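Predicted model, so just to flag it, every value in this text is computed and none were measured.
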Amino acid sequence: MSDSTLDWFINAVAWREEVYLHYWFCTFAVLLGINIFTRKHITIQTILFLASIFFAWTSQRLHAWGSLQGGRHYFKRDYFDGDGVFVAVLWAAPWMLLALISLINLIVAAGDLLIKVKRAQLKQQKQQKDQKKND
């Protein structure tokens with residue numbers, strides 16, 4: 001995104017007037033907190049990852065719906081332009097950030113599990129060697 005597009009976007013959005021944006025930022029903050037605080041729970045991280053990918057995937061359909069005057073019921077201005085910058089920045093990007101955090105947590109958990117399995121394998125091999133020596 002070029003500087004002119006970013007400047008246009010920042011100046012075009014009525015940040016203080018749009019109540020739904022405040023709700024979305026609060027919801028994103030809660031989801032981010034859940035994502036961080038449940039980093040050791042693989043099942044929750046997997047669900048968050050899949051949900052985040054799904055909601056990011058819906059951004060194109062959300063933009064199409066908003067372009068067909070659906071967004072006018074919720075927002076005071078028409079933010080759904082032809083490029084989809086509004087939906088990309090305020091809908092898809094946060095979901096992709098949550099998905100990235102979940103993915104990193106899942107990779108770390110997989111690494112921890114790999115280390116545990118390898119340690120158990122080495123311990124078992126050592127016990128088998130010790131048994132052969134004693135026999």
Where the side chain of Trp24 meets the backbone of Leu90, is there a donor-acceptor pair that is under 3.5 Å apart?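 Side chain of Trp24 to backbone of Leu90: a pair is present.
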Donor-acceptor pair, distance only, cut-off 3.5 Å: does the side chain of Asn35 make one with the backbone of Leu31?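 No, Asn35 side chain to Leu31 backbone: no donor-acceptor pair under 3.5 Å.
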Could you measure the distance from the [atom1] atom of [X] to the [atom2] atom of [Y]? Nearest 0.5 Å is fine.
X     : Y      : atom1 : atom2 : answer
Gln45 : Asn105 : CD    : CG    : 4.5 Å
Ile47 : Ser52  : CD1   : OG    : 11.5 Å
Leu48 : Ile53  : CG    : CD1   : 11.5 Å
Ile36 : Ile101 : CD1   : CD1   : 5.5 Å

ILVMFWY cluster, [X] and [Y] together (side-chain gap under 4.5 Å):
X      : Y     : result
Tyr23  : Phe55 : yes
Phe37  : Ile44 : no
Leu103 : Leu97 : no

Give me the atom names and distance for the closest heavy-atom approach of Ala92 to Ala56.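 The answer is O-CB, 4.2 Å.
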Pro94 versus Val89, closest heavy-atom pair with distance: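 It is CD-O, 3.3 Å.
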Check step by step if side chain to side chain contact (heavy atoms under 4.5 Å, CB included) holds for Phe28 and Leu98. CA-CA 9 Å; Phe28 177 69; Leu98 288 173; 3.6 Å; yes
Report, as yes or no, whether the 6.0 Å neighbourhood of atom CZ on Phe25 holds more than 12 heavy atoms from other residues, nucleotides or ligands.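 Enclosed.
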Check the pair Thr58, Phe54 against side chain to side chain contact (heavy atoms under 4.5 Å, CB included), reporting the backbone distance first and the verdict last. CA-CA 6 Å; Thr58 63; Phe54 173 75; 3.9 Å; yes
Could you give the side-chain donor-acceptor pairs of residues 110-125 under 3.5 Å, partners two or more places apart or in another chain?
from: Lys118; atom 1: NZ; to: Gln121; atom 2: OE1; distance (Å): 3.2

Centroid-to-centroid, Trp95 to Trp57, below 6.0 Å?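 No, the ring of Trp95 stays outside the 6.0 Å limit from the ring of Trp57, centre to centre.
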Scan residues 100-126 for pairs that pass ring-ring contact (aromatic ring centres under 6.0 Å, His included), counting only residues two or more places apart or in two chains.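 Output for this query is empty, none listed.
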